[in-house]
Amino acid sequence: MSETTTHIPEEKARIGAPSIPGFTEEGEDLSPINDNGGSPLAGASTKAHSHGGGVGVPDSSRAGRLTSTNVDDFAKLTGREEDWRFTPLKRLKGLHTDELTGAAPKIELTGNDIAKLSVVAADDALNGVAHTPDDRVSANAWKYASETHVVTIPKNAEGAKATLRITGESLAAAAQHVIVVAEENSEATVVLDHVGSAVLAQNVEFDVQANARLTVISLQAWEDDAVHASSQQALVAAGASFKHIAVSFGGDLVRVNPSARFTGERAEIELYGLYFADAGQHLEHRLFVDHAVANCKSNVLYKGALQGKDAHTVWVGDVLIQKAAVGTDSYEANRNLVLTDGARADSVPNLEIETGLIDGAGHASTTGRFDDEHLFYLMARGIDEKTARRLVVRGFLNEIVQQIGDEALQERLTETIEEELAATSN
C-alpha cells in the first residue's frame, strides 16, 4: 500500500458548483426525503418526546436519524440495521437489551487544578445540552446512568490539563454519563483514560462554548475482557475549536462514536483516531461531523493497524454539509494497514452535500499491506526485514501520535505500539 500524507490543500478533492453537472449555486438536495427545512435531526414525523429524527426512510442517512432519550423509541437490534451491520451484537454483553444496573467505572480527576470535577443528578439541566442519544445503546445508557460527572473549564482559563482516570472493576453491565464544559475563551486538554475491566454503555458530551479551544484524547486501554460502547457528542460554538483524538488498543469489543456539530461560524473541528487490533478484537469507530452553519472547517483522519486471526476494525465516517453551510471546508480520510492474514478492516467514508457554495469537500479510504517499496528501501540500507516492517508501521501511526501534544502520553502510546509490534514478530 502506498501511504500519502493528508495535508488538506494538496490532497483534497475539491467539490463546488462548477464541478458537478446540474449542481446549482444554491446546491442540490441529496436527501430529497429531508423536507424539514431545518435541522437534519428534526422533522414533521418526530415523536413528541423525541429530540429529532424520524424523517423519511429510517437509517437512509444521518439526515434521517432518530434521536431520543427514550430507549423504547428505538427498535430492538437485529444486526441488519445499517448502523449495526458490522457489530457482533452477541458480544455487546446485553448493553442493547439489559438493565444496566452494574457498578459504573470509578472516575478520578488529576491535572493542574484549573478544571473542576462535580457530580450532578441524572435529571440535572446540564444533561443533554450537547448530547441526545441516536441509537439504542446510547439511549439505554441515558436511562440507567444514575448520576453525571461534570468537568468544567472556567471562562478565560489557559493551559488547563485534566485527566479523567475511568477505572472499571466489574463485568456487570453498567451505564455512565460524563460532561465536559469548556466555557468561553478557555483553552484545555482533557484525557479520558479508560482502564480495567468493564461492560459499559457510556454517553459523553462536550459543550465547547464561544472561542474556546478544547482538545480531548479518549484512550481505550481496557483489559482484554472489556466491552465498551461510547457515544461522544460535541457542540462547537462560534470561533471555537474542538480537537478529538480517539485511541483504541484494549478491550474485547470497543465501539466509539464521536460526533460534532457546528452551532456558530468561524469554528473548526478536527477528529483524529488511532487503533491497533489484535486477534479476536473488534474495534469500531463511527464519526459524524455536522456542518450546520456557514464558514466552518473540519478535518478527519483515522489510522489503524490489524494483526492476527479475526482481528476486525470498522471505521465509518459521515460528513453532512447542510444547505446553510456555505463556505464549508471539509475533508475525511481513513487509512488501514493489515499486518497478517486473517484480519479484516471495513472502511466506509460518506459525504452528504446540500449546497454547492463551499470551499471544498472530499474523502478517502485505503486498506492494504506493507508497501514493498518502503521495505526494499530500508532493507537495501542494511536493515533486516523484521526491523524494517516495524519502522514502517511506527511511521504510519506516528502521524496520529504526534497530534496528542502531551509528551508523557505520546511516550505511553509509543511503548504500546512497540509491544503490539513485538507480538506481531513473535
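These figures come from a predicted structure and were not determined experimentally.
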Which distance, rounded to the nearest 0.5 Å, do you find between the [atom1] of [X] and the [atom2] of [Y]?
| X | Y | atom1 | atom2 | answer |
| --- | --- | --- | --- | --- |
| Ile114 | Ile153 | CD1 | CD1 | 9.5 Å |
| Arg213 | Thr189 | CZ | OG1 | 10.5 Å |
| Asp207 | His131 | CG | NE2 | 13.5 Å |
| Lys161 | Glu187 | NZ | CD | 9.0 Å |
| Ile321 | Leu357 | CD1 | CG | 11.5 Å |
| Leu66 | Arg136 | CG | CZ | 11.5 Å |

Exercise: identify the closest heavy-atom pair between [X] and [Y]:
| X | Y | result |
| --- | --- | --- |
| Cys296 | Val293 | SG-CG2, 3.8 Å |
| Leu92 | Val227 | O-CG1, 3.8 Å |
| Leu253 | Pro88 | CD1-CG, 3.7 Å |
| Val195 | Arg165 | CG2-NE, 3.6 Å |
| Glu265 | Asn295 | OE1-ND2, 3.0 Å |
| Ala174 | Leu95 | O-CD2, 4.2 Å |

Can you confirm whether more than 12 heavy atoms, excluding those of [X], are under 6.0 Å from its [atom1] atom?
| X | atom1 | result |
| --- | --- | --- |
| Lys243 | NZ | yes |
| Glu99 | CD | no |
| Glu158 | CD | no |

Do side-chain atoms of [X] reach the backbone of [Y] as a donor and acceptor pair under 3.5 angstrom?
| X | Y | answer |
| --- | --- | --- |
| Ser248 | Tyr275 | no |
| Glu205 | Val129 | yes |
| Gln176 | Pro105 | yes |
| Gln281 | Gly251 | yes |
| Asp346 | Glu284 | no |
| Asp318 | Asn350 | no |
| Gln403 | Leu271 | no |
| Lys93 | Lys90 | no |
| Asn334 | Val316 | no |
| Asp124 | Ala121 | no |

Compare all side-chain heavy atoms of [X] with those of [Y] and state whether any distance is below 4.5 angstrom.
| X | Y | result |
| --- | --- | --- |
| Leu283 | Phe276 | no |
| Leu409 | Val191 | yes |
| Tyr272 | Gln402 | no |
| Val180 | Leu214 | yes |
| Ser330 | His363 | no |
| His177 | Asn127 | yes |
| Phe288 | Leu320 | yes |
| Glu183 | Thr152 | yes |

Assess the side chains of [X] and [Y]: does a donor N or O sit below 3.5 Å from an acceptor N or O?
| X | Y | value |
| --- | --- | --- |
| Ser241 | Glu268 | no |
| Thr132 | Thr67 | no |
| Asn203 | Ser138 | yes |

Looking at [Y] and [X], is any side-chain nitrogen of the basic one under 4.0 Å from a carboxylate oxygen of the acidic one?
| X | Y | value |
| --- | --- | --- |
| Glu418 | Arg394 | yes |
| Asp83 | Arg255 | yes |
| Arg286 | Asp134 | no |

Looking at Leu413, Thr416, Ile404, Leu192, which hits side chain to side chain contact (heavy atoms under 4.5 Å, CB included) with Leu219?
Leu413
Would you call the rings of Trp315 and Tyr302 parallel, tilted or perpendicular, where under 30° means parallel and over 60° means perpendicular?
tilted
Which word best sums up how the rings of His312 and His282 line up, parallel for under 30°, tilted for 30 to 60°, or perpendicular for over 60°?
perpendicular
From CA spacing to verdict: side chain to side chain donor-acceptor pair (under 3.5 Å), Lys155, Gln209:
CA-CA 9 Å; Lys155 183 178 180 179; Gln209 299 179 6; over 6 Å; no
Stepwise side chain to side chain contact (heavy atoms under 4.5 Å, CB included) check, Phe262 with Val289
CA-CA 8 Å; Phe262 292 104; Val289 178; 4.2 Å; yes
List the residues meeting side-chain contact (heavy atoms from CB on, under 4.5 Å) with Ala175, not counting sequence neighbours, and say none if there are none.
Leu100, Ala141, Tyr144, Ala145
For Ala345, the side-chain contact (heavy atoms from CB on, under 4.5 Å) test, sequence neighbours excluded, returns Leu306, Thr313, Asn336, Thr367
Please step through side chain to side chain contact (heavy atoms under 4.5 Å, CB included) for the pair Asp135 and Trp84, ending with a clear verdict.
CA-CA 10 Å; Asp135 65 46; Trp84 293 94; 3.9 Å; yes
Please assess His228 against Gln220 for the test side chain to side chain donor-acceptor pair (under 3.5 Å), listing each intermediate value before the final yes or no.
CA-CA 9 Å; His228 183 204; Gln220 287 65 246; 4.6 Å; no
Verify side chain to side chain donor-acceptor pair (under 3.5 Å) between Ser230 and Gln202, making sure each step is shown before the conclusion.
CA-CA 5 Å; Ser230 182; Gln202 181 189 58; 2.7 Å; yes
Could you go step by step and tell me if Arg369 and Asp341 meet the side chain to side chain contact (heavy atoms under 4.5 Å, CB included) rule?
CA-CA 10 Å; Arg369 296 188 178 275; Asp341 293 334; 2.6 Å; yes
When you look at Phe242 and Val216, which way does the side chain to side chain contact (heavy atoms under 4.5 Å, CB included) test go after all the steps?
CA-CA 8 Å; Phe242 176 63; Val216 173; 3.9 Å; yes
